[in-house]
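Structure record follows, encoded as structure tokens.
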Amino acid sequence: SCNNDFSLARLERYVAMAHEAGVTPVIILSKIDLTTEASDFAAQAQSISPQLSVVCLDARSPEAIELLRPWCQAGQTVAFLGSSGVGKSTLTNSLAGNEAIATQDVRASDDKGRHTTTGRQLHILPSGCAVLDTPGMREIQLTDVSIGLEETFADLHALKQNCRFNDCAHKTEPGCAVQAAVASGEVDVPRLQRWLKLVAEDAENTKFLANRKLRDRAKNKPEKSVTKYDSKK
Ligand SMILES: Nc1nc2c(ncn2[C@@H]2O[C@H](COP(=O)(O)OP(=O)(O)OP(=O)(O)O)[C@@H](O)[C@H]2O)c(=O)[nH]1
Ligand SMILES: [Mg+2]
Ligand SMILES: [Zn+2]
């Protein structure tokens, strides 16, 4: 949403997850009616990648049907993911042309939602498109998304192929192509830092889960999934 809940770092996580899953990511920026800076929010979202589709809308408006038509054809399935209160259920209602799903105001202090939707639900639209409305995520932790990260940060991934060392950490190593690009002003440094953080997080979680699977298998216990992450970071 175009308010205090907007986070570029969080959007990158969702996009990486979608790429990894082989799903086409589309960024929907809701609540454009509540801001005069919708184009700034859109420019930030578009900075993730020029190829990414970014759609700005008022989720309560019937115009949403027109704006999302390319992805909402008969036989297609879309899933709305995002923090609580961004308007996933509101948008589903607008697409369905009714008010069947409950929605609830966000907190005025920080624009956070109240976790109104509590289970995933598939809705079939009049157009024949299936929409999955989901509960707002409190956190999104990355595991096993190395391919998703490569696609999301394709420019940095391409640069890193030219580093002198295979295991370059892109910090102080000699012959680091990424740092050379930073020096020449080609690379956005905050974006580079977010990439390094996500790559490290993914590696750590993937290793942690692999070890746990081994341990669980040894003990013959069923396998559990994923861990915790604070969405503010
Ligand atoms: N002004 C405005 N309000 C919106 C928009 N989208 C959603 N809202 C309002 O934001 C509040 C939260 O919307 P919901 O649809 O319940 O949000 P949600 O993403 O489904 O939230 P959870 O179910 O908690 O994950 C409601 O009061 C909506 O009316 C929008 O584009 N503009
Ligand atoms: Mg909801
Ligand atoms: Zn390097």
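Counting starts at 1 for both ligands and their atoms, following the listed order.
- For ligand 1, the atoms lying closer than 4.0 Å to a non-hydrogen atom of H115 are 24 (O).
- Of the candidates T90, I32, L91, T92, T90 brings a heavy atom nearest to atom 28 (C) of ligand 1.
- In this structure, Q104 places its CD atom where more than 12 heavy-atom neighbours from other residues, nucleotides or ligands lie under 6.0 Å away.
- Within 6.0 Å of the CD atom in Q73, the count of heavy atoms belonging to other residues, nucleotides or ligands exceeds 12.
- When only non-hydrogen protein atoms are considered, atom 4 (C) of ligand 1 lies nearest to K31 CE, 3.8 Å.
- Residue L34 has at least one heavy-atom neighbour below 4.0 Å for each of these atoms of ligand 1: 1 (N).
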Original post:
Run the ring pair (Phe, Tyr, Trp, His ring centres under 6.0 Å) check on W195 and H170 step by step: do they pass?
Top reply: CA-CA 11 Å; W195 175 60; H170 321 302; 5.6 Å; yes

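- R60 CD, 3.7 Å is the protein heavy atom nearest to atom 3 (N) of ligand 1.
- The residue from G85, P135, S89, S1 that puts a heavy atom closest to atom 21 (O) of ligand 1 is G85.
- The closest donor-acceptor contact from the side chain of E20 to the backbone of G148 lies under 3.5 Å.
- The backbone N or O of S83 sits less than 3.5 Å from a side-chain atom of K88, completing a donor-acceptor pair.
- Residue-ligand proximity: G136 is placed with a non-hydrogen atom under 4.0 Å from ligand 1.
- With S89 as the fixed residue, the side-chain hydrogen bond (donor to acceptor under 3.5 Å, both in side chains) test singles out one of T116, T117, T103: T117.
- With distances taken over non-hydrogen atoms, the option nearest atom 32 (N) of ligand 1 out of D33, D111, L29, V86 is D33.
- Using modelled atom types, no side-chain atom of Q44 and backbone atom of F41 make a donor-acceptor pair closer than 3.5 Å.
- Here S89 meets the criterion, with an N, O or S atom under 2.8 Å of the Mg ion (ligand 2).
- Looking at S30 next to ligand 1, no N or O pair under 3.5 Å apart turns up.
- Without hydrogens or angle criteria, E201 side chain to L142 main chain gives a donor-acceptor distance under 3.5 Å.
- Of the protein's non-hydrogen atoms, the one nearest atom 31 (O) of ligand 1 is A59 N, 2.7 Å.
- When each atom of ligand 1 is checked for a heavy atom of D105 under 4.0 Å away, the hits are 27 (O).
- The residue from D58, L81, I28 that puts a heavy atom closest to atom 30 (C) of ligand 1 is D58.
- Checked by distance only, ligand 1 and T116 come closer than 3.5 Å through their nitrogen or oxygen atoms.
- A donor-acceptor pair under 3.5 Å is absent between the side-chain atoms of T35 and the main chain of K31, judged by distance alone.
- Of the N or O atoms in S84, one or more lie within a sub-3.5 Å distance of an N or O in ligand 1.
- The backbone N or O of E63 lies less than 3.5 Å from a partner atom in the side chain of S61, making a donor-acceptor pair.
- The closest donor-acceptor contact from the side chain of D202 to the backbone of D144 lies under 3.5 Å.
- Closest to the Zn ion (ligand 3) among the N, O or S atoms of H170 is ND1.
- Exactly one of I48, L159, L198 qualifies for a side-chain contact (heavy atoms from CB on, under 4.5 Å) with F153. That residue is L198.
- In the candidate list C56, A64, G87, G87 is nearest to atom 7 (C) of ligand 1, counting heavy atoms.
- With respect to atom 11 (C) of ligand 1, the closest heavy atom belonging to the protein is Q104 O, 3.2 Å.
- Among the atoms of T117, an N, O or S atom falls under 2.8 Å of the Mg ion (ligand 2).
- In the vicinity of T103, heavy-atom distances shorter than 4.0 Å reach the ligand 1 atoms 14 (P), 15 (O), 16 (O).
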